[in-house]
Amino acid sequence: MRILSFVFLLLLSPVVLGQSLYQQLGEKEGISSIVEEMLYRVGGDERIVHHFDGVDIVRVHKLITEQVCDVVGGPCDYSGDTMKVSHEGMGVTHADFNALVEHLIIAMEKHNIPVSAQNQLLAKLAPMYGDIAEK
């Protein structure tokens with residue numbers, strides 16, 4: 001019975017045993033693709049696209065990719081400003097923040113990232129909320 005229970009749990013679990021979060025996200029190439037998809041979706045979202053007006057989107061892609069790679073334990077060093085400095089005065093609301101997260105989740109789903117890995121990444125990014133969204 002124990003063996004059947006273990007096999008059942010493995011079938012239900014989307015976690016790939018032995019893989020780090022960095023690996024589950026597809027390493028740097030996978031993270032870059034997820035970020036690209038997220039930014040593409042943001043470009044068509046009238047709720048938040050205004051926050052990216054006049055921004056060097058190639059640089060934003062590079063920095064977000066670095067940051068995610070760094071946060072999940074990959075071999076990257078984030079080279080941008082702090083979240084507080086880079087979002088100061090932008091007027092990012094709770095709804096704006098959630099819209100971006102929505103696009104990140106859809107991008108991860110499109111790249112077949114397991115839900116458990118998605119949740120792990122979101123948990124690592126969630127503490128940034130206080131430095132990004134204005135009260």
Using 4.0 Å as the upper bound for N to carboxylate O, is an ion pair formed by R47 and E102? yes

A107 to E37 - nearest heavy-atom pair and separation: CB-CG, 3.6 Å

Considering only heavy atoms from C-beta outward, does the side chain of H51 approach that of H87 to under 4.5 Å? no

Taking every heavy atom of D45 against every heavy atom of A99, the minimum-distance pair comes out as OD2-CB, 4.2 Å

Looking only at atom types and distance, does a side-chain atom of Y22 sit under 3.5 Å from a main-chain N or O of K28, one as donor and one as acceptor? yes

Close side-chain approach of V71 and V68, heavy atoms under 4.5 Å: no

Please check if the side chain of D96 supplies one atom and the backbone of T93 the other of a donor-acceptor pair under 3.5 Å. yes

Using every non-hydrogen atom in the two residues, find where L25 and I34 come nearest and quote the distance to one decimal. O-CD1, 3.8 Å

Between E134 (side chain only) and G91 (backbone N and O only), is there a donor and an acceptor less than 3.5 Å apart? yes

V72 vs I31 side-chain heavy atoms within contact, under 4.5 Å: yes

Mind running ring pair (Phe, Tyr, Trp, His ring centres under 6.0 Å) on Y129 and H94 for me, showing each step along the way? CA-CA 8 Å; Y129 171 81; H94 179 73; 5.6 Å; yes

Nearest 0.5 Å please: distance from the CG atom of N98 over to the NE2 atom of H103. 11.0 Å

Scanning both residues in full, the closest heavy-atom pair of G18 with Q23 reads O-OE1, 3.9 Å

Give the intermediate values and the outcome of side chain to side chain contact (heavy atoms under 4.5 Å, CB included) for residues K124 and Q120. CA-CA 6 Å; K124 289 183 177 295; Q120 288 176 63; 5.5 Å; no

How long is the span from the NZ atom in K110 to the OG atom in S33, to the nearest 0.5 Å? 10.5 Å

Do you know the tightest heavy-atom contact between L63 and S79? CD2-OG, 3.5 Å

Using atom types as modelled and distance alone, determine if a side-chain donor or acceptor of Q118 lies under 3.5 Å from a backbone N or O of I113. yes

Is there a side-chain contact between L122 and L104 (heavy atoms, below 4.5 Å)? yes

Minimum side-chain heavy-atom gap M83-E88 below 4.5 Å: no

